[in-house]
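Predicted, not measured: the structure shown is a model, and the values here were computed from it. Just the heavy atoms: all of them, side chains too, but no hydrogens, waters or symmetry mates, feed the values below.
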Amino acid sequence: MVTFGSHQTFPNVNKIYTLGGRHKIAVMVSGSANYIPGNIHWERVVSMWSENIGADKTLDSLDEYVKEFIHFLQHEKDLNDTVDNALALERMSYRWLRDEINPIKVYFDARQTVNSVSENYKMNTEEFLMNIEKQCFDALKEFRLNQMEMLESKLDDAKFKDRYERIKKYCIKSITSSVELLASSQGANFNHHSVFEDDWDDDEVRSIDLTELVLAHLTYQLTYNEYGLLFPGQEHTMITIAGFGDKDVVPKMVELISRWNEWGSAPLRERKKYSTVQLLHSFVIRKQSSLRDDGRLRLICDECTHEKGQEVQLVEDDCPHPENTRYQSASAFLRGIAEKTEIDTVLNGMRTKSFDPHNFASESAELLTSGILYDVNNLKGFGKEKMSRLNKLFEDETFYKIHGALVSQLQESNLKNFIARRQEFRKVTASLPVVDLGRFAHHLVNHQAEITRLTEPIRHVGGSIKVALITKEDGITFVEH
């Protein structure tokens with residue numbers, strides 16, 4: 001399934017590609033259908049990459065394929081266009097300001113509502129708009145002050161400062177263009193020259209306009225973690241590469257993310273220094289290493305492992321690089337990509353996305369503290385003064401201790417159940433024939449599609465489901481469902 005704009009969905013878009021020839025490698029994409037820095041469809045990109053490698057030339061490992069893929073995207077001139085890249089940055093900056101910065105969103109939504117009301121009912125809305133404007137700008141001022149403090153605390157980091165200066169040098173034109181578009185949109189008197197500068201007396205605030213706000217946010221938010229993109233509004237593509245190199249005995253899989261590139265208007269020689277894709281996860285099938293090895297997931301630090309010549313686990317071995325690129329090792333993997341809420345519910349035995357231990361802990365802590373105080377109040381020897389001090393103690397400290405303990409226990413319990421449920425599937429999938437794995441994958445995606453169809457107005461997954469089976473012996477075969 002693919003969605004264009006807000007409502008147009010089409011159910012027959014190919015998202016799994018092969019390199020052809022003797023290659024036993026498949027590429028799957030989700031998210032944006034195009035490689036954003038060049039606005040070129042991913043099917044064409046993969047085809048160009050295949051031509052670049054050659055049909056008869058194979059590589060020794062999947063890791064080499066990934067390295068070649070990243071190098072190809074980074075250096076292929078026809079794929080990287082300054083104009084397309086700049087437009088992607090403008091769209092992202094505009095969406096973030098308009099939809100994610102609450103004071104601006106409230107202001108625009110209020111104007112839109114007022115304009116509609118005044119046209120139909122001939123109402124005088126000038127005073128109302130002025131009050132909304134003042135409140136929104138006061139909130140925006142506070143947001144910018146917080147942003148400046150965060151920026152100043154980060155500029156001591158040489159790596160962060162270098163990135164900040166680079167984006168400022170090569171991307172400022174696109175950021176400024178998005179701010180100007182915002183200021184003039186919907187016919188609003190939202191002029192950043194008058195409102196953001198002249199109307200505020202604070203010189204410190206006045207010296208940084210919305211362009212600076214976007215620039216700062218870009219610098220320290222353009223990352224990806226297990227929860228998703230930290231910078232809302234980004235167009236991006238998740239890329240999965242899986243299969244075998246010539247000398248790989250077991251299959252491997254990697255996940256990457258592609259988005260606009262921070263090289264902006266930099267000259268070509270400068271652009272080649274910065275990768276256009278970011279490696280997120282690597283998955284390696286692990287054969288049993290000891291009788292105690294039950295095939296559970298291990299998170300391995302690639303940097304420490306390379307330095308020490310042996311696997312170094314991120315948590316168990318006190319790895320000093322918690323934010324480093326990591327690879328995952330297990331006896332088998334079941335991985336949901338893109339739209340996967342229902343898939344994860346099946347695999348984990350619970351809907352982790354809806355699980356919020358803080359809400360449950362707050363309600364439970366409130367009931368516990370109230371119950372304890374009620375029981376204590378009925379004991380002999382507790383007068384008003386002692387009870388008052390006890391109430392204050394519970395309000396200031398005890399409630400939060402109980403709340404923290406409950407959250408910790410709930411999270412630990414949730415994680416244990418999550419691991420136990422996923423481990424059941426891992427043990428089964430470690431020995432299943434690949435055809436049965438394909439059937440199970442089809443079932444999970446179809447389940448996700450059916451739930452999405454019933455519960456959401458726009459379908460994000462579905463259509464005819466194509467399954468690619470990859471084996472060392474036969475390469476890639478497709479099964480149509």
Worksheet entry | Verdict with reasoning, Gln74 to Val277, per side chain to side chain contact (heavy atoms under 4.5 Å, CB included) | CA-CA 8 Å; Gln74 189 172 355; Val277 290; over 6 Å; no
Discussion item. Between Phe69 and Trp49, is the ring centroid distance below 6.0 Å?
Written reply: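 Aromatic pair counts; centres sit under 6.0 Å.
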Worksheet item: Would Trp42 and Tyr35 count as a close aromatic pair, with their ring centres under 6.0 Å?
Response: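 Judged by ring-centre distance (under 6.0 Å), Trp42 and Tyr35 do meet the cut-off.
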Is there a donor-acceptor pair under 3.5 Å between the side chain of [X] and the backbone N or O of [Y]?
{"X": "Arg421", "Y": "Lys416", "value": "no"}
{"X": "His41", "Y": "Glu43", "value": "yes"}
{"X": "Asn52", "Y": "Met48", "value": "no"}
{"X": "His23", "Y": "Gly54", "value": "yes"}
{"X": "Thr429", "Y": "Phe425", "value": "yes"}
{"X": "Thr219", "Y": "Arg163", "value": "no"}
{"X": "Thr176", "Y": "Ile172", "value": "yes"}
{"X": "Tyr65", "Y": "Leu59", "value": "yes"}
{"X": "Lys472", "Y": "Gly245", "value": "yes"}
{"X": "Ser93", "Y": "Ser178", "value": "no"}

Heavy-atom check, side chain of [X] versus side chain of [Y], under 4.5 Å:
{"X": "Lys466", "Y": "Asn14", "result": "yes"}
{"X": "Gln328", "Y": "Val284", "result": "no"}
{"X": "Thr18", "Y": "Ile25", "result": "no"}
{"X": "Thr471", "Y": "Ile476", "result": "no"}
{"X": "Met28", "Y": "Met238", "result": "no"}
{"X": "Phe108", "Y": "Pro103", "result": "no"}
{"X": "Ser258", "Y": "Thr276", "result": "no"}
{"X": "Arg95", "Y": "Glu235", "result": "yes"}

What heavy-atom pair brings [X] and [Y] nearest, and what distance separates the two atoms?
{"X": "Ser174", "Y": "Glu90", "result": "O-CG, 3.3 Å"}
{"X": "Ala88", "Y": "Ile36", "result": "CB-CG2, 3.3 Å"}
{"X": "Val106", "Y": "Cys136", "result": "CG1-SG, 3.8 Å"}
{"X": "Ser265", "Y": "Thr82", "result": "CA-CG2, 4.0 Å"}
{"X": "Ala330", "Y": "Gly295", "result": "CB-O, 3.6 Å"}
{"X": "Leu79", "Y": "Phe72", "result": "CD1-CE2, 3.5 Å"}

From [atom1] ([X]) to [atom2] ([Y]), nearest 0.5 Å:
{"X": "Phe244", "Y": "Leu62", "atom1": "CZ", "atom2": "CG", "value": "10.0 Å"}
{"X": "Glu64", "Y": "Asp246", "atom1": "CD", "atom2": "CG", "value": "9.5 Å"}
{"X": "Asn39", "Y": "Ser32", "atom1": "CG", "atom2": "OG", "value": "8.0 Å"}
{"X": "Ile175", "Y": "Leu215", "atom1": "CD1", "atom2": "CG", "value": "5.0 Å"}
{"X": "Leu155", "Y": "Leu151", "atom1": "CG", "atom2": "CG", "value": "4.5 Å"}
{"X": "Ile53", "Y": "Leu19", "atom1": "CD1", "atom2": "CG", "value": "5.5 Å"}

Fill in: Residues Ile337, Glu255; criterion side chain to side chain contact (heavy atoms under 4.5 Å, CB included); working and verdict
CA-CA 9 Å; Ile337 307 291; Glu255 291 174 9; 3.2 Å; yes
NZ/NE/NH1/NH2 to OD/OE distance under 4.0 Å, [X] and [Y]:
{"X": "Arg44", "Y": "Asp78", "answer": "no"}
{"X": "Asp294", "Y": "Arg426", "answer": "no"}
{"X": "Arg166", "Y": "Glu262", "answer": "yes"}
{"X": "Lys161", "Y": "Asp157", "answer": "no"}
{"X": "Arg453", "Y": "Glu339", "answer": "no"}
{"X": "Lys168", "Y": "Glu165", "answer": "no"}

Practice prompt. Output, in order, the C-alpha distance, side-chain angles, deciding distance and verdict of side chain to side chain contact (heavy atoms under 4.5 Å, CB included) for Leu140 and Tyr107.
Written response: CA-CA 11 Å; Leu140 184 59; Tyr107 176 78; over 6 Å; no
Item to complete: Applying side chain to side chain contact (heavy atoms under 4.5 Å, CB included), run through Asn80 and Asn85 and close with a yes or a no.
Response: CA-CA 8 Å; Asn80 298 288; Asn85 192 63; over 6 Å; no
Discussion item. What verdict does the salt bridge (charged side-chain N to carboxylate O under 4.0 Å, His left out) test give for Arg422 and Asp344, after you've listed the backbone C-alpha separation in whole Å, the side-chain angles of each residue and the deciding distance to 0.1 Å?
Written reply: CA-CA 9 Å; Arg422 186 66 67 109; Asp344 278 347; 3.5 Å; yes
Are there over 12 heavy-atom neighbours, none belonging to [X], within less than 6.0 Å of that residue's [atom1]?
{"X": "Glu51", "atom1": "CD", "value": "yes"}
{"X": "Phe478", "atom1": "CZ", "value": "yes"}
{"X": "His71", "atom1": "NE2", "value": "no"}
{"X": "Lys340", "atom1": "NZ", "value": "yes"}

Discussion item. Quick one, Asp248 with Lys24, criterion salt bridge (charged side-chain N to carboxylate O under 4.0 Å, His left out). Give me CA distance, side-chain angles, the key distance, then yes/no.
Written reply: CA-CA 10 Å; Asp248 286 331; Lys24 298 177 175 66; over 6 Å; no
Discussion item. Below 30° counts as parallel, above 60° as perpendicular, anything between as tilted: where do the rings of His281 and Phe283 land?
Written reply: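 Judged by the thresholds at 30° and 60°, the geometry between His281 and Phe283 is tilted.
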Worksheet item: Hey, mind stepping through Lys67 and Asp63 against salt bridge (charged side-chain N to carboxylate O under 4.0 Å, His left out) and telling me if it holds?
Response: CA-CA 6 Å; Lys67 186 177 179 181; Asp63 294 336; over 6 Å; no
